[in-house]
Structures are given as structure tokens and as C-alpha cells.
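What follows is a single structure, written as C-alpha cells, with notes after it.
Sequence lines set the chain letters: A, B, ... in the order given, protein chains first and strands last, and positions in each chain run from 1. Side chains included, hydrogens not; waters and symmetry mates left out as well; all remaining heavy atoms used.
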Amino acid sequence: MTETQAGIQAAEEMAAVEERSVDSAVSLRGITKRFDDVVAVDNVNLDIADGEFFALLGPSGCGKTTTLRMIAGLEFPTEGSLTIFGDEVGTLPPNKRPVNTVFQNYALFPHMSVLDNVTFGLRMQGVSKSEAKQRATDAIAMVQLEGREQRKPSQLSGGQQQRVALARALVNRPKVLLLDEPLGALDLKLRQQMQGELKSLQRELGITFVFVTHDQEEALTMSDRIAVMNEGLLLQVSDPESLYERPVNRFVADFIGQTNLLDATAEADNTVCLANGVRVAVDHDLAIGTKLALCLRPERASVVADADGDAAQTTAGHYLPGVVKRVTYLGTDRIYDVALDWMELEVREGNRPGSGRFVEGDRVNVIWEPDSVAVVPDDGSSTGADRS
Amino acid sequence: MTAVGPSVEPRGLPRFAMRANAWLVYLFFYAPIFLLIVFSFSDDRLVGRWGGFTLRWYGEFANNSEVQQSLWVSVRVAVLSTLVAVVLGTLAALALVRFRFFGKKVFDALLYLPVIIPDVTMAVMMLLFFTRLFDVLDDTFGLQLAKGFGSIVVSHVAFNISFVSIVVRARLEGMNETLEEAAVDLYATPWQSFRYVTFPQILPGIAGGALLALTLSLDDVVISQFVAGPGSTTLPVFVFGLIRRGVTPMINAVSVVMLVASVTLVVLSLVAQRSRDAAGSDG
């Protein structure tokens with residue numbers, strides 16, 4: 001990066017700090033949180049629009065929960081400015097903020113009935129007993145728990161407790177609803193069902209949802225926009241499609257879905273040179289000689305028999321020769337682990353009639369269309385080695 | 001006896017020896033208590049001789065004004081010292097579990113001290129403390145104070161704080177802290193959060209601690225004897241005095257009454273701590 005470029009970027013960052021979108025539900029400017037020596041959240045700038053279903057995504061310890069807790073007021077930022085609908089709330093205690101939280105393990109009050117749990121927030125705000133009861137009853141109906149008002153939380157299933165937590169927060173008509181891994185404790189089937197319900201509830205109510213998760217699939221399924229965090233830094237904020245198709249760095253590419261990262265070097269004329277010397281044409285605007293990685297999603301590549309090599313090349317795609325090392329049958333798909341002479345690639349082939357069948361030891365070519373790969377700058381961040 | 005598992009359960013001689021041991025332990029524990037109860041109903045002037053069934057010693061106990069007076073002192077000391085110890089002990093537990101402050105570890109260790117040090121040591125300490133304190137008060141303010149009801153209450157508060165805070169603390173540590181966060185997130189002020197969420201959650205611990213404090217106070221002989229003054233004899237101290245003056249079987253009756261009272265309180269304390277455990281461990 002040249003000095004001028006750096007200067008321009010710095011100026012843009014300054015502009016971003018100054019500019020504060022009026023219609024932002026939540027706006028973070030230079031938010032940093034330190035716990036003793038540990039920087040949990042590092043200079044985060046973020047705008048969450050009104051009515052948005054927004055996910056904070058990242059591995060555990062990335063700072064996403066701390067960010068959520070700062071919005072809730074359960075932690076105060078060390079530095080920076082935090083506004084909710086334009087009001088500075090930096091060090092305002094949680095009970096003075098127009099937000100409510102659905103906690104990770106629900107945090108229902110065990111000594112209170114479902115009804116008392118749901119009316120709690122209203123009673124604390126001084127809403128009359130009868131009105132509180134009416135609104136709570138409506139909220140309980142909204143989460144389909146009619147008839148269970150007098151139960152204690154311990155008498156409910158995990159899914160039902162989760163609904164009570166949701167009703168208890170939503171009954172207060174918060175301007176922003178914060179959800180801290182709300183589906184983490186549910187089993188897969190229930191989780192998928194609740195994902196759908198949460199999504200439609202949010203559409204119906206039009207309330208801004210800010211949602212913390214470490215499950216990238218969940219984030220992709222539910223969110224309008226996703227912020228990916230790692231080690232306290234905000235790496236990328238975009239809609240699910242751009243996040244998957246155009247990750248900004250290796251970490252994001254690797255964290256969102258499965259991916260093959262092929263090390264390469266930028267060359268002129270929209271060409272990159274792979275680590276084994278093969279040249280591949282791909283659009284990029286990087287300076288010549290820049291280290292980068294090609295992000296090739298397993299489902300974007302396919303495997304063809306070695307004999308078809310010439311044919312594959314003539315279809316304007318690229319190919320890399322290799323040997324099938326392992327075949328995993330998934331029902332809907334087959335996963336081929338193909339060993340090239342310099343790395344291993346994962347290829348996911350749909351299980352359709354007519355699609356090729358290969359076995360271990362077959363000599364094959366891995367092929368892909370030129371527009372199927374994304375270029376990510378090599379910033380030295382995490383590789384796929386530690387991911388399952 | 002229930003077997004833990006067939007493969008672990010010893011057989012043959014070891015099995016017999018272990019059973020015999022268990023029975024021996026029970027014998028040592030309960031034979032004296034059994035004898036005490038039996039002889040409290042014995043119609044004979046000698047403590048250890050059976051002379052037929054009677055309730056006469058219980059009647060004498062009920063009619064003895066000295067006994068009643070000391071019982072009344074005991075009850076007042078127990079209730080008062082428990083009330084004070086519950087408030088202070090609970091606050092200490094809250095401070096130790098919820099806050100970080102300078103000297104926390106030292107405070108924590110010191111809080112356990114009255115549990116660990118022998119009663120006699122504590123008693124001598126207290127005696128010394130009150131003697132010096134009253135001297136100083138007399139010298140500087142001309143206050144004429146004497147050991148008595150007040151000094152007993154203060155001494156009992158001193159050791160009861162430890163027991164209350166230990167019990168409350170255990171309860172508090174078992175409580176899910178997120179509940180308090182949820183309360184303030186739902187617009188509760190810190191006070192409301194304590195009043196409606198924390199307090200109901202730790203109430204069984206507080207009740208258990210209070211009953212334990214009550215028992216300890218009612219049972220205490222050593223410390224009370226050291227710091228007591230004229231007219232402030234507690235029941236255990238009075239009973240102890242009776243032995244020296246010459247024993248009548250009334251002592252058996254008094255002991256049985258105290259035993260029943262203590263056991264009842266301890267059982268209530270355990271019940272209080274166990275109740276709502278299901279609710280407390282959940283969430």
C-alpha cells in the first residue's frame with residue numbers, strides 16, 4: 001500500500017467516525033473494551049439500522065458477546081461512543097436503556113411463575129398491575145405458551161423456557177432486542193424451528209434484533225446483515241451473500257462455510273500465479289507481487305476424469321490434476337478430498353444421476369469456472385488447519 | 001443397609017468388621033442420649049438409678065423460677081444475637097461473593113476465624129476485650145458498665161456472623177448471577193433487583209443460617225460463662241452450675257428439653273436450606 005493510499009484510507013476512516021447515520025438503531029464509534037490487560041473489543045465502528053436482523057458472528061472469545069453486553073449496558077466501554085437511536089448511552093445503566101436481552105441460558109427467575117417473569121419488566125417500569133397482566137398475557141400468547149402462565153420455569157422444556165425469555169423481553173416493546181446465543185442450548189430440530197420463528201417474529205414486530213452467535217450457518221440463515229469478529233476486531237460487515245461470496249480476508253473466508261484457500265501471487269493482466277506455478281485468470285485490483293489466496297468453495301468446483309482434461313480446459317475454466325484421496329457420502333452430496341501435488345482440495349458434488357462417481361486412487365482433474373473464485377488478500381490470519 | 005454395588009461391597013470378615021464398627025459408632029453416639037432421656041423419667045433422687053416412671057422432674061423444671069429466668073435470658077440472647085448476626089453475616093457474604101475490594105482475601109480468612117478457634121480461646125478473648133473496653137469507657141467517659149446481658153449478646157453475634165455468612169455464601173455462590181443482570185436489564189434498580197430476585201433466591205440460605213445461629217447461641221456454655229454477669233445466666237450456664245452444686249434428675253429433664261429444641265432447630269435449618277434447591281439450581 002502506498003503512502004497516498006494509506007492517507008486516503010485514514011481520511012475515510014476519520015469521515016466514518018464523524019458521520020453518524022440518523023436512522024441507526026445502534027451506532028458504535030471507536031468502541032474499545034479492556035479487561036485489565038486483555039483487549040476484548042478493539043476500536044469497533046458499527047451501525048445497525050432500524051428494523052434490521054443483525055448478527056454478531058465469530059468464534060468464542062472474539063468479543064461479540066462483550067459488544068452485545070455493552071449495548072445492553074451490562075459492560076461499559078473503555079473508550080468510544082455508543083448511541084441507541086441517537087442517544088449517547090455509553091455509561092447509562094441497563095435499566096435506563098430502551099433495550100432488552102434474551103440471555104444465553106434464558107436467566108428466567110426460578111422462584112417466579114411464567115406470568116410473573118413476563119410481567120417483571122413492566123412492573124419495574126411502574127405499569128399498572130392490570131395492564132401489565134394484559135400485556136403479559138398477549139406476549140405469552142404470541143410465543144404460544146397459553147395455559148402455562150402459572151408454571152415455574154423448571155416445569156418447562158428448554159424450548160418453552162426460551163419462549164418465555166423471548167416474551168419477557170418483547171413485552172416491554174424494546175427499541176432493540178439483544179439475543180445472546182439464544183438457540184445454543186436447544187437441540188438441532190428445535191433450533192431450526194426457532195430460527196424460523198424468530199425471523200418471522202422480527203418481521204412482524206419490525207423491532208431491531210441484534211443476535212450473537214458462533215454458528216455461521218445460523219447467522220447466514222437468519223440475518224439481514226452479519227458482522228464477523230475475531231480477536232476483538234470487526235473484520236467484515238455485509239449481507240450473508242456478500243459475506244460468503246466476497247470475504248475480505250482469509251479468516252472470514254475460512255470461518256464462513258467450507259472453503260479451499262489456494263495460496264497465490266498477484267500478476268499483471270488479472271492473472272494470479274498459484275503456488276505450483278499454474279497461472280489462473282481472475283479479476284483483482286491488487287498490486288503485482290501481492291500475496292493472496294484464492295477462495296474456492298467446495299461446491300463451486302467439480303471433479304472430472306483425468307482423460308477429460310483437455311475438454312475441461314477448453315470450457316474456459318481452470319483445472320488442477322490430482323488424486324482422489326477420500327470419498328465421503330453425505331446422501332445429498334459426495335465430498336471428494338483430492339490430493340494435488342502441493343495441497344489438498346475439498347470438492348462437493350451434488351448427488352445427481354449422471355454426476356461422476358470416483359473412488360479412492362482415481363486420477364482426476366479439479367475444475368472450476370473463472371468467476372467461481374474470490375480473491376482474498378493474504379493477511380496471515382488463521383488458516384483452515386484448526387477448523388473441523 | 002443398601003449395597004452400593006455388588007462388586008465393591010466387601011464380603012466375609014471385612015464385611016462383618018465394618019458392620020460391627022458402624023454399630024459401635026452408633027452405640028457411642030446414641031447410648032448416652034438414650035440413657036439421658038430414659039432417666040429423665042426416672043422416679044428416684046439419684047441421677048443414675050431407675051425408680052419407676054414419673055414426669056415429676058419436668059414438673060420441677062417448669063416450676064423452678066431460676067430455670068425459667070435463665071431460659072428467658074437464653075431465648076432473648078439467642079433471638080437478638082441471631083437477628084444482628086443474620087443482617088451482618090448476609091451483608092458480609094454479599095460483599096465477598098459479589099464485589100472485588102482491597103483486602104478481600106484477608107477479610108475472607110478472618111471471617112472463618114471464630115469457626116476454627118477453640119471456644120475457650122474465644123471466651124478468654126471476649127472476657128479480656130470487655131474488661132479492657134469497660135475500663136477505657138469508665139476512664140474516658142465515666143461510663144459504668146458491667147458484663148451481663150449485653151456482653152453475652154455481643155459475643156454471640158461475634159461467632160454467629162461467621163456461621164451465617166458461610167451458609168448464605170454457599171447459597172449465593174450457587175445462584176446464577178445472570179439473574180441479577182436479567183433483572184436490571186428488565187428495568188429494575190439495583191435495590192429492586194436485590195429485593196425481588198437476589199433476596200428470594202438466597203432466603204433459604206438466610207433462614208438456614210439464622211436457625212443455625214439460634215442453635216449455637218442456645219447451646220453455648222463456655223463463652224457465655226466467661227462474659228456473663230450477675231442476673232444474666234443463660235440456661236446452659238445454669239445447668240452447668242447445677243452439676244457443681246449437686247445433681248438432681250431435673251438436670252436430665254432440662255437437658256432433654258434443650259436437646260429436643262436443638263435437634264428441632266438443626267432439622268429446620270437443613271430443611272430450609274434444602275427447600276427450593278430445585279428452583280435454585282435451575283435457570
Side-chain angles (χ1 to χ4, degrees), chain A residues 36 65 68-69 71-75 92-113 116-127 132 136 151-156 158 161-162 164-165 167-174 176-180 185, chain B residues 86 90 93-94 97-105 167-210 271-283:
Chain A
D36 299 326
T65 297
L68 191 84
R69 287 171 62 85
I71 303 173
L74 298 168
E75 306 282 357
L92 212 60
N95 52 322
K96 304 238 169 75
R97 299 188 185 206
V99 301
N100 289 110
T101 310
V102 174
F103 289 87
Q104 188 165 12
N105 292 310
Y106 320 133
L108 299 176
F109 305 128
H111 57 289
M112 295 184 196
S113 67
D116 289 341
N117 263 284
V118 178
T119 49
F120 188 86
L122 297 171
R123 299 305 308 282
M124 291 302 114
Q125 290 177 94
V127 173
R151 297 265 183 96
K152 288 282 171 65
S154 56
Q155 295 169 300
L156 301 176
Q161 290 183 22
Q162 146 93 97
V164 176
R168 185 177 72 170
L170 286 172
V171 74
N172 303 295
R173 297 173 192 152
V176 180
L177 183 73
L178 308 172
L179 304 103
D180 185 7
Chain B
V86 160
T90 303
L94 278 168
V97 177
R98 287 289 182 263
F99 304 121
R100 281 167 53 179
F101 53 88
F102 178 74
K104 177 170 164 171
K105 285 223 167 94
V167 175
V168 173
R169 196 175 160 182
R171 183 77 195 180
L172 209 53
E173 271 166 353
M175 180 187 159
N176 182 356
E177 231 177 296
T178 327
L179 293 180
E180 287 166 5
E181 293 188 341
V184 288
D185 183 67
L186 292 163
Y187 312 105
T189 61
W191 166 248
Q192 286 172 320
S193 158
F194 176 79
R195 166 73 188 78
Y196 296 112
V197 176
T198 315
F199 183 69
Q201 283 294 302
I202 61 171
L203 188 57
I206 294 176
V271 169
Q273 286 178 70
R274 284 205 184 176
S275 73
R276 303 218 236 163
D277 254 11
S281 61
D282 159 277

| note | Note: vs chain B, highest number of non-hydrogen pairs under 4.5 angstrom among A:Thr101, A:Val102, A:Leu122, A:Leu178 is A:Thr101

| request: List for me each residue that meets side chain to side chain donor-acceptor pair (under 3.5 Å) alongside A:Arg123, sequence neighbours excluded, and say none if there are none. | output: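 Result, side chain to side chain donor-acceptor pair (under 3.5 Å) vs A:Arg123: none returned.
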
| message | Counting C-beta onward and ignoring hydrogens, is there a side-chain heavy-atom pair between A:Met124 and B:Leu186 closer than 4.5 Å? | response |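 The answer is no, as the side chains (C-beta and beyond) never meet within the 4.5 Å cut-off.
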
| query | Angle class for the B:Phe194/B:Phe199 ring planes (parallel below 30°, perpendicular above 60°, tilted otherwise)? | reply | tilted

| Under a 4.5 Å heavy-atom cut-off, does chain A meet the side chain of B:Thr189, its backbone, both or neither? |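 B:Thr189 touches chain A through backbone and side-chain heavy atoms alike.
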
| Given that the side chain runs from C-beta out, which part of A:Phe109 has a heavy atom under 4.5 Å from chain B: side chain, backbone, both or neither? |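 Both parts, heavy atoms under 4.5 Å.
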
| salt bridge (Lys or Arg N to Asp or Glu O under 4.0 Å) partners of B:Arg195, counting only residues at least two apart | none

